[in-house]
Amino acid sequence: MKEKLQQIKQAALAELQAPDCDTEAVRVKYLGKKGELTAVLRGMGALSPEERPVVGQMANDVRAEIEAALATVVAAAKEKALNDRLAREKLDVTMPGKCERVGHQHPLTRAQREMEEIFIGMGFEIAEGPEVEYDYYNFQALNIPENHPARDTQDTFYITDKILLRSQTSPVQVRVMEKQSPPIRVISPGRVYRSDALDATHSPLFHQMEGLVVDKGITMSDLKGTLETFARKMFGDKTEIRFRPHHFPFTEPSAEVDVSCFVCGGKGCRVCKGEGWIEILGAGMVHPFVLSNCGIDPEVYSGFAFGMGLERVTMTRYGIDDIRLFYENDERFLKQF
Ligand code: PHE
């Protein structure tokens, strides 16, 4: 019996040495319920009482040795499998990546958002109006009757006699005042149209941003303070603003507003064409007729309005010298922003 145990041990250990040994099969064959070692133990009844413990002890040792060898082989196999997998799934972090091309906002959209943020910070809300507009809102309600010379500079595209593509964002002033009672504090960005030929500074489609404030006791100094705050946030802390008398039919008094050149600080350079100042907008106190047209009593309320060209502000800000670049979708241009 002792020899039989030794044989089992030798055979089991030898099988476990084989390069691709099936460890589970070895376990069943030698240690399983119907395995060879179990068979030997069953035969122990035939032994003498003196021999039984000796052979029992030996059988236990043999089982322990086989189990230990099995565990070693299983562990080695697991480690090898893991190493193989790691080798297979190795990541080469030095390999050149696949570049995803991510787009970004158009420079005009960026400038618009930036301007909106500044005015929202001063308590303004954003109002929108239609691009296809009635003659009434675009002109008449703004104190520009038929045959008024101001219509010449804002010639636009007509859909019918009474319906046109708006030539300015000012009609949104009227739409807001008709619906809302003061206090009113809105800005209104959007597309406008004029029948201008396309050149470096003109486009039949461009963008404006309108501003309107109406309340009791609003004065020209509120307009100046608001525009100065805007200009400093948009063009830098040291920016100065300058009002030049002007005429708009829907504001009285009216002004054109310049900002000191943010490149040269006012000395005169290429960007401001030697002027030291750059014109950015038109503004004024809302004309009493316009307030009345919208059902607001000019004896009680007053207000200011301003309107600026987004292209102009953006061109000034980024030193862009041709308005056509905004609409051509040339990536060599757009990529720079
Ligand atoms: N709508 C005027 C323009 O397009 C600008 C403006 C707006 C002037 C508001 C005064 C007040 O020229």
Side-chain angles (χ1 to χ4, degrees), residues 112 115 119 124 126-131 133-145 148-157 164-177 184-196 201-214 218-220 222-228 230-231 241-259 278-291 293-294 296 298 301-316 323:
Q112 182 183 324
M115 290 158 73
F119 283 109
F124 283 73
I126 296 177
E128 285 190 336
E131 289 170 32
E133 184 56 286
Y134 288 106
D135 180 285
Y136 174 77
Y137 288 104
N138 195 76
F139 292 128
Q140 285 177 49
L142 290 168
N143 208 21
I144 312 174
H148 190 287
R151 289 196 179 211
D152 280 352
T153 55
Q154 299 213 3
D155 193 17
T156 179
F157 303 93
L164 44 76
L165 296 184
R166 66 179 180 187
S167 61
Q168 49 184 349
T169 43
S170 302
V172 185
Q173 286 186 34
V174 180
R175 287 182 174 274
V176 169
M177 285 191 278
I184 293 171
R185 226 185 296 172
V186 293
I187 49 163
S188 185
R191 290 193 193 95
V192 299
Y193 303 82
R194 290 188 194 175
S195 55
D196 288 336
T201 52
H202 295 86
S203 162
L205 179 160
F206 61 104
H207 299 73
Q208 285 188 337
M209 185 179 281
E210 195 80 7
L212 172 71
V213 171
V214 183
I218 297 292
T219 68
M220 195 102 178
D222 296 309
L223 171 62
K224 281 188 139 178
T226 303
L227 292 180
E228 191 174 82
F230 165 73
I241 57 170
R242 175 174 85 170
F243 277 51
R244 279 180 292 106
H246 197 73
H247 172 262
F248 295 106
F250 39 91
T251 47
E252 178 59 32
S254 304
E256 276 189 332
V257 180
D258 303 335
V259 292
I278 300 167
E279 184 204 321
I280 59 158
L281 58 85
M285 301 306 292
V286 181
H287 198 293
F289 287 178
V290 176
L291 291 174
N293 285 343
C294 302
I296 292 175
Y301 294 103
S302 57
F304 66 74
F306 57 86
M308 58 187 129
L310 269 181
E311 278 81 353
R312 201 186 168 97
V313 171
T314 312
M315 287 166 83
T316 305
I323 199 171

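The basis for the numbers below is simple: all heavy atoms, side chains too, and nothing from hydrogens, waters or symmetry mates. Indexing begins at 1, ligand by ligand and atom by atom, following the structure's order.
Rounding to the nearest 0.5 Å gives a distance of 9.5 Å between CG of N143 and OG1 of T251. To the nearest 0.5 Å, atoms CG (L310) and CE (M209) are separated by 5.5 Å.
Protein residues having at least one heavy atom under 4.0 Å from any atom of ligand 1 are Q154, Q168, S170, Q173, R194, Q208, E210, F248, F250, T251, G282, A283, A305, F306, G307, listed by chain and number.
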Show which side-chain atoms of residues 184-192 pair as donor or acceptor with protein atoms under 3.5 Å away, not counting sequence neighbours.
unit_1, atom_1, unit_2, atom_2, d
R185, NH1, M122, O, 3.1
S188, OG, A127, O, 2.8
R191, NH1, E131, OE2, 3.2

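Taking the six-membered ring where the residue is Trp, the centroids of F124 and F230 are separated by 6.0 Å or more.
With hydrogens and angles left out, the side-chain atoms of Q208 and Q168 include no donor and acceptor closer than 3.5 Å.
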Would you please test T226 and V213 for side-chain contact (heavy atoms from CB on, under 4.5 Å) and show each step? CA-CA 10 Å; T226 303; V213 171; 5.8 Å; no

